[in-house]
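Hydrogens, waters and symmetry mates play no part in the numbers below; they use all other heavy atoms, side chains included. Here is the naming used below: chain letters follow the sequence lines, and residue numbers restart at 1 for every chain.
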There are 2 protein chains.
Amino acid sequence: MAEDLRALVERLKAVSHPLRLRVLALLESGELCVCQVAEVLQVPQSSVSEALRELRRAGFVVERKEGRWVFVSVVPEKDAPPLLKGLLAGAGSLAEVQQDRARAQEVRAISLPVLCSKVQKAVPVEHEAGRA
Amino acid sequence: MAEDLRALVERLKAVSHPLRLRVLALLESGELCVCQVAEVLQVPQSSVSEALRELRRAGFVVERKEGRWVFVSVVPEKDAPPLLKGLLAGAGSLAEVQQDRARAQEVRAISLPVLCSKVQKAVPVEHEAGRA
DNA sequence: TAGCAATTTCGATATTTTCCGATTAATCTA
DNA sequence: TAGATTAATCGGAAAATATCGAAATTGCTA
């Protein structure tokens, strides 16, 4: 009885969201800084920041500040909430996630100062308009 | 790559809800009919019905009609989405869930016709007013 | 067929969530 | 210190969700 029903629901809510789940799954491929995440996913920076805030609140990711950059990564296994492992296993096999991770590899090859000054258009693509 | 990110998110959303998660966890203790669930959880019947609709859509529960009663239960393991197992494991240890299951045992002892005609008040308790 | 009884669907409101541009805060660098 | 840059927060409009009584539906029973 480690926690409370409501707490578990909050944790689930945190990942019941396309962008947030995508960010979490992306980070499993390794630490990234916020601007890298925004670049990989082609999403406005403020959206990434908000997604990360929720994931942090839920205990799924941790941050590390280095100068003006903020690096985020999946919480170390020993501190991870029970859900996390199964979640990442499930998400890791999704095509979208694998594409994101591939893109992350390319982005990692660019030095941060160069990457981030590169004005990211981040075409605000609709997050709902899937072919249901 | 069995599914789609959006599908996974939908599945997670289905259980990111106090009542729905409670219902799902309750059913792990065995099949119940809708009116029994309403009685155990002290929640209006239409709310239970709606919760079950979502859980069914997400593939977590199945129904079996018998006369005018509808019995619901957790989907058999072979058909269960990957998430389910870990989810139930996590929820099963929650105090609230254990209480619900204990109540279910009492309710099962009452014959259905007797139980259901018993006008259930189901005090519309606020679902948000936790001491945050 | 009439009348219950169990469940689902509907309707309407209230609340929450989402989203992103603009602003602010923090930190580097010249 | 001024200027630039990265990230967080704010604002607020639009969309989605929650909730539960009332009405509709389905199927039993007499």
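Counting only heavy atoms from C-beta on, A/Q45 has its side chain closest to D/dA8 among C/dT7, D/dA8, C/dC20. Comparing D/dA8, C/dT18, C/dT7 by their nearest atom to the side chain of A/R20 picks out C/dT18. In the set D/dA7, C/dA6, C/dT8, the nucleotide with an atom closest to the side chain of B/W69 is C/dA6.
Annotation: side-chain hydrogen bond (donor to acceptor under 3.5 Å, both in side chains) contacts of B/S16 (sequence neighbours excluded): A/S16. A search for side-chain contact (heavy atoms from CB on, under 4.5 Å) contacts involving A/R68 returns nothing, not counting sequence neighbours. Looking at residues two or more places apart in sequence or on another chain, you find a side-chain contact (heavy atoms from CB on, under 4.5 Å) between B/S73 and B/E31, B/V62. Among residues two or more places apart in sequence or in another chain, the side-chain contact (heavy atoms from CB on, under 4.5 Å) test is passed with A/A7 by A/E3, A/D4. For the salt bridge (charged side-chain N to carboxylate O under 4.0 Å, His left out) test, no residue two or more places apart in sequence or in another chain qualifies with A/E50. B/E96 meets the side-chain hydrogen bond (donor to acceptor under 3.5 Å, both in side chains) test with no other residue; sequence neighbours excluded. Judged as a side-chain contact (heavy atoms from CB on, under 4.5 Å), and not counting sequence neighbours, the contacts of A/K65 are A/E63, A/V70.
Across the protein-nucleic acid pair, A/E54 atom CD and D/dA8 atom C1' stand 13 Å apart, rounded to whole Å. Protein atom CG of B/L52 is 16 Å distant from nucleotide atom C1' of D/dT19, rounded to whole Å. Rounded to whole Å, atom P of C/dT8 lies 12 Å from atom CZ of B/F71. Going from atom CZ of A/R22 over to atom P of C/dT18 covers 16 Å, rounded to whole Å. What separates NE2 of A/H17 from P of D/dA15 is a distance of 16 Å, to the nearest Å. Between A/E39 atom CD and D/dA7 atom C1' the separation is 16 Å, expressed in whole Å. In this structure, A/L32 atom CG and D/dA7 atom C1' are separated by 15 Å, rounded to whole Å. In this structure, CG of B/L55 is placed 15 Å from P of D/dT17, rounded to the nearest angstrom.
An end-to-end axis angle of 20° holds for the helix from C/dT1-D/dA30 to C/dA30-D/dT1, taken from five base pairs per end and rounded to 10°.
Each of A/V48, A/L27, A/L55 was checked for a side-chain contact (heavy atoms from CB on, under 4.5 Å) with A/V72, and the lone residue meeting it is A/L27.
At most 12 heavy atoms of other shown residues, nucleotides or ligands fall within 6.0 angstrom of atom CZ in B/R57.
Applying the salt bridge (charged side-chain N to carboxylate O under 4.0 Å, His left out) definition to pairs two or more places apart or across chains, those involving residues 101-110 of chain A are A/E28-A/R101, A/E39-A/R103. For residues 77-87 of chain B, the pairs satisfying side-chain hydrogen bond (donor to acceptor under 3.5 Å, both in side chains) are B/E77-B/K85, with sequence neighbours left out.
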Hey, what are the protein-to-nucleotides 9-11 of chain C N/O distances that come in under 3.5 Å?
{"unit_1": "C/dC10", "atom_1": "N4", "unit_2": "B/E50", "atom_2": "OE2", "d": "2.9"}

Within the sub-3.5 Å range, which N or O atoms of nucleotides 28-30 of chain C have a protein N or O partner, and how far apart are they?
none

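Within 4.0 Å of B/R56, counting heavy atoms only, lie sugar-phosphate atoms of the nucleic acid but no base atom.
Two residues, A/E10 and A/K65, neighbour DNA chain C, and the one matched to the more 5' nucleotide by heavy-atom proximity is A/E10.
Within the structure, a side-chain polar atom (N or O) of A/K13 is placed less than 4.0 Å from OP1 or OP2 of C/dT17.
Looking only at side-chain heavy atoms (C-beta outward), A/R11 and A/F60 come within less than 4.5 Å of each other.
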